[in-house]
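Take a look at the structure below.
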Amino acid sequence: MTLEPSSPLPLYHQLERVLAERIADGRYRDGFPGDLELAAEFSVSRGTVRQALERLARSGLIVRHQGRGSFVAAPLEYPLGRFYRFAHEMHVRGIPESSRVLARGTVRAPAAVAAALGLARGERVLRIVRLRLAGDRPLLLETSHFPDAIGAPLRFADLSAGSLYDLLEASGVRLSRVTEEVHPVSLREEEGEAFGLPSGAPAFAVERIAVAGARPVEHRLVLAPGDRVTLTASWGNLG
């Protein structure tokens with residue numbers, strides 16, 4: 001395959017698109033080519049290759065290691081049975097994380113949310129909707145509801161990166177446990193648009209209740225596309 005030097009799209013951007021399509025097709029499951037190999041295949045400079053790979057790394061599609069080369073990023077592992085924090089997980093993997101705040105405001109609690117939080121139906125709660133990104137790639141769509149008093153520290157905080165739980169704990173809310181239920185779902189049109197996926201794309205829905213002491217303090221619904229997230233679990237010695 002050749003790139004088009006006469007195209008208004010820069011060569012590094014063309015190369016990025018080609019490599020992203022190959023990654024999506026599973027072309028590089030057994031190993032990602034080196035800079036020199038890509039430069040020779042596409043008849044471009046190493047500088048062009050590096051620009052394309054830097055953009056792929058920022059989008060979370062590949063991981064680059066000094067002296068070792070580039071690797072296709074594994075699907076995000078969402079471990080069940082432990083307290084998962086997206087921001088912390090991305091930090092461990094060396095991938096920049098960010099969040100787009102799609103909605104934030106006080107609403108009347110839907111029936112299911114009120115029941116989960118032990119509130120009266122229609123009681124006021126803080127609702128926060130965030131799209132969580134690894135690099136430039138959206139991985140999780142989170143809708144959280146907090147009792148009004150608990151959510152006060154989040155009302156005007158910068159939520160463009162980091163963990164809501166870190167902000168809560170800094171305000172004195174000590175989380176003691178979480179429970180989660182997982183269901184397979186199909187993304188609705190507006191949900192698919194957030195991920196750049198078509199309506200009906202398969203996903204996991206993870207419903208979480210976070211508890212501080214004996215009090216439920218958050219109801220969270222996490223949507224995770226099935227091609228970007230892997231649910232994992234582990235147990236001890238079964239004897």
Side-chain angles (χ1 to χ4, degrees), residues 16 19-30 32 55-65 70-103 116 127-145 159-166 175 177-210 218-235:
E16 175 198 6
L19 295 177
E21 289 174 0
R22 289 183 176 183
I23 290 170
D25 291 339
R27 179 87 168 263
Y28 298 128
R29 285 185 185 137
D30 296 328
F32 198 80
R55 290 173 62 91
L56 290 172
R58 285 199 301 270
S59 70
L61 290 178
I62 66 171
V63 178
R64 307 200 76 193
H65 294 289
S70 302
F71 303 85
V72 174
L76 173 68
E77 289 191 6
Y78 192 112
L80 302 174
R82 74 173 176 85
F83 194 13
Y84 178 79
R85 302 192 191 199
F86 177 81
H88 295 191
E89 182 72 19
M90 292 300 99
H91 177 73
V92 169
R93 295 179 62 174
I95 298 174
E97 62 85 20
S98 62
S99 299
R100 294 178 193 157
V101 181
L102 305 183
R127 176 175 177 265
I128 297 173
V129 182
R130 293 200 302 172
L131 185 65
R132 314 299 301 276
L133 299 97
D136 297 327
R137 193 183 195 203
L139 293 184
L140 304 175
L141 180 61
E142 301 176 344
T143 301
S144 295
H145 290 87
L159 306 180
S160 61
S163 168
L164 299 182
Y165 296 142
D166 288 347
L175 300 177
R177 64 184 174 89
V178 297
T179 60
E180 292 181 323
E181 293 184 1
V182 183
H183 308 278
V185 297
S186 297
L187 295 176
R188 294 177 294 183
E189 183 176 358
E190 64 273 19
E191 296 163 346
E193 287 177 356
F195 292 109
L197 294 172
S199 175
F204 299 110
V206 183
E207 186 175 7
R208 170 186 289 186
I209 308 298
E218 182 203 29
H219 174 276
R220 177 180 297 195
L221 181 65
V222 182
L223 294 177
D227 65 338
R228 303 181 192 182
V229 176
T230 299
L231 301 182
T232 64
S234 61
W235 288 267

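Every heavy atom of this structure was used, including side-chain atoms; hydrogens, water molecules and symmetry mates were not. All residue numbers refer to positions in the sequence shown, counting from 1.
- Separation of atoms CD (E21) and CZ (R27) is listed at 11.0 Å; rounding is to 0.5 Å.
- Not counting sequence neighbours, the partners of Y165 by the ring-ring contact (aromatic ring centres under 6.0 Å, His included) test are F83.
- Between the OG1 atom of T143 and the CG atom of L102 there is a distance of 8.5 Å, given to the nearest 0.5 Å.
- The minimum heavy-atom distance between S144 and L164, with the atom names listed, is OG-CD1, 4.2 Å.
- A distance of 13.0 Å separates CG of L197 from CD of E189, quoted to the nearest 0.5 Å.
- Atom CG of residue L131 and atom CG of residue L139 lie 8.5 Å apart, to the nearest 0.5 angstrom.
- Here the side chains of L175 and E218 are not in contact, with every heavy-atom distance at 4.5 Å or above.
- No donor-acceptor pair closer than 3.5 Å links the side chain of R85 to the backbone N or O of S163.
- For the pair E97 (side chain) and A161 (backbone), a donor-acceptor distance under 3.5 Å is absent.
- R228 places a side-chain N or O within 3.5 Å of a backbone atom of P138 that can act as its donor or acceptor partner.
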- Begin with the C-alpha distance, continue with both residues' side-chain angles, and end with the deciding distance and a verdict on side-chain contact (heavy atoms from CB on, under 4.5 Å) for V222 and F204. CA-CA 8 Å; V222 182; F204 299 110; over 6 Å; no

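- Taking CZ of F195 as the start and CG of L140 as the end, the distance is 6.5 Å to the nearest 0.5 Å.
- Looking at every heavy atom in both residues, L221 comes nearest to A205 through CD1-CB, 4.2 Å.
- Annotation: ring-ring contact (aromatic ring centres under 6.0 Å, His included) contacts of F32 (sequence neighbours excluded): Y28.
- Atom-to-atom distance recorded for H145:NE2 and R127:CZ is 5.5 Å, nearest 0.5 angstrom.
- Tested against L141, the residues E190, E191, R130, R132 include a single side-chain contact (heavy atoms from CB on, under 4.5 Å) partner, E191.
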